[in-house]
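A short worksheet on the structure shown next.
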2 protein chains.
Amino acid sequence: MTTHLNTAPPPANLNSSRRQKLSERIAGSLRQDFLSGQFSVGHKLPTESQLALSFGVSRTVIREAIAALVADGMLETRQGAGIFVIGLQRHQPLDGPILRQDRSSNISHALNVLEVRIALETESAALAAARRNPSQEAQIQENFFEFDRLLQLGKPTGQADFAFHRSIAEATNNPFYVEVLDALGERTIPCDVNSPHATEEVLSFAYQAGLQREHLAILNAISAGDAACARDAMRAHLSASQERYRERLRDRRTRYQSGVETT
Amino acid sequence: MTTHLNTAPPPANLNSSRRQKLSERIAGSLRQDFLSGQFSVGHKLPTESQLALSFGVSRTVIREAIAALVADGMLETRQGAGIFVIGLQRHQPLDGPILRQDRSSNISHALNVLEVRIALETESAALAAARRNPSQEAQIQENFFEFDRLLQLGKPTGQADFAFHRSIAEATNNPFYVEVLDALGERTIPCDVNSPHATEEVLSFAYQAGLQREHLAILNAISAGDAACARDAMRAHLSASQERYRERLRDRRTRYQSGVETT
DNA sequence: TACCTATTTTTGTATGATGACTTTTGCAAT
DNA sequence: ATTGCAAAAGTCATCATACAAAAATAGGTA
């Protein structure tokens, strides 16, 4: 018996060697087949049983592979009909240098997203003030304090920030607000430490405490049921965020011009 | 054995009402839980068996839901260890599984979409007024007259209506406005003859001429560069649309009560 | 404590069965 | 010959069960 001393915790060296699941291998194989143009949109794949047979695995594995590709937007399954190709040019799975590249030139994108958020969230804040039920009000407040707790602990707050805004969208009782906000997704989180454009300034206590002050104004307005006030507070918050972004752009330019490099 | 993949042409009613799979529902539910901040990165989920129990489905379904989220980059499964949250902020395409669902049969949903549009488009109209370049201004006007031309010819105008709104979003010079509007898609068109809830009243000349009057006010404001006025005109337009929807709801109720059935 | 081993837990894979939905086929009526 | 409809076959969706494989845990020995 081989004995490894590894009582190591699971801290998960993420993308390192891990035996690939069969369904992942097969999903990758199929994905490559699609991308190489062997199948065109609308084509029907062989049945699950046939695929299972030809790959030499069980139908379970095939189904999980198909499920992954469906989640990617490449395939569509129709009960009783079959499996069909519906799209090919989707984003890469995960391991993207593409993602990182995308981020680096992304501050201008973030500014654009913020602009859309101003439109969306000023209204959602107003609606939330008018319509929130007690449970939703409590949820908003909870997320507010969660942000605060993480802030005191010096932990990353980006996710809590998003949760706060999201719970306000939920309090509109209009599911589309939530869905649009979700769709905008991570691009809406400006201040996560995990973000590639996190700087010391973003992480500073003072910076985040400022955010929290703005959040508090929003929370108070919604709790009070003051729609107009909530609208203004949200607009002030997001406008301030926009301004913070612009400042960061200026900072970067300044640092570049003065030749300060900390590599 | 000729095992060639047949190109059997499925009716391809893509986003038509299709019963959602259990695994998709559960994946969506879990995804929303993550985004609302209930679980943080590194958190270990309950075991598959426990999840199956708590959701009241078989382990197979849970596994497929998990597989989809793994493909999304949200989760990681480790054999013998469990299921872990590894990332939340994966950008999801705007026409994601939820928005792609067909809800056109439900007027209340259309009202919700319209509410989001009010938030979005009042701002986009204002921004368009401030930023449009000559070419974009011309494009908006062209779409306006195209609507008019179709109206005179008695042809369907829904598409042109959408094009008009879309060109305004384009004139903001912020691509995300266009993206979000596109994602909301055709469900945002209240007056298409192809829409399942087209009625004689919707198709009436007077009705659409009214629409066009509102459009004209918007166009004039944008051409004049008057942001505040554009904002007001757009809000008036969409609010009026909302009201028209509500009227249609009342009509339907009235017809039902008086026993008139127009299968 | 340190190390090794056995047990338990948990995910991965396989198999078979049943239900639901779609497409095709066959047959009857016009 | 064409149309309409019902039966049949094909296919995915879900369930239940079993076993294998990897990891975590507990226990024992020096």
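Sequence lines set the chain letters: A, B, ... in the order given, protein chains first and strands last, and positions in each chain run from 1.
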Atom CG of L53(B) and atom P of dT14(D) are separated, to the nearest Å, by 18 Å
Q) Any side-chain N or O of R59(A) less than 4.0 Å from the OP1 or OP2 oxygen of dT15(C)? A) no
Rounded to whole Å, the CD1-P distance (I83(B) to dA23(D)) equals 16 Å
task = Could you tell me whether the side chain of L30(A) reaches within less than 4.5 Å of the side chain of I66(A), counting heavy atoms only?
result = yes
For dG12(C), does OP1 or OP2 lie under 4.0 Å from any side-chain N or O of R63(B)?
yes
Could you check S29(B) against D33(B) for side chain to side chain contact (heavy atoms under 4.5 Å, CB included), going step by step and ending with a plain yes or no? CA-CA 6 Å; S29(B) 170; D33(B) 286 349; 4.2 Å; yes
### N or O in side chain of S23(B) less than 4.0 angstrom from dA13(D) OP1/OP2
no
To the nearest angstrom, the CZ-P distance between R78(A) and dA13(D) comes to 11 Å
Checking dT13(C), dT14(D), dT23(C) against the side chain of L22(A) (C-beta onward), the nearest is dT13(C)
Rounded to whole Å, the CD1-P distance (I66(A) to dA13(D)) equals 10 Å
Q.
Closer than 3.5 angstrom, by distance alone: can the side chain of Q212(A) be matched with the main-chain N or O of F144(A) as a donor-acceptor pair?
A. yes
For this session: With heavy atoms under 4.0 Å as the rule, sort T60(A) into base, sugar-phosphate or nothing.
Result: base
Checking dA14(C), dC15(D), dA17(C) against the side chain of S58(B) (C-beta onward), the nearest is dC15(D)
Rounded to whole Å, CD of E48(B) lies from C1' of dT11(C) at a distance of 5 Å
Do NZ/NE/NH1/NH2 and the carboxylate oxygens of D182(A) and R31(B) come within less than 4.0 Å?
no
Of the listed dT22(C), dT11(C), dC15(D), the closest approach to the A81(A) side chain comes from dT22(C)
Atom CD of Q79(B) and atom P of dA23(D) are separated, to the nearest Å, by 7 Å
Residues F84(B) and G42(B): closest non-hydrogen pair is CD2-O, 3.9 Å
Atom NZ of K21(A) and atom P of dA21(D) are separated, to the nearest Å, by 17 Å
Exercise. Within less than 4.0 Å of OP1 or OP2 of dT11(D), is there a side-chain N or O belonging to S49(A)?
Worked result: no
Rounded to whole Å, CG of L75(B) lies from P of dT10(C) at a distance of 17 Å
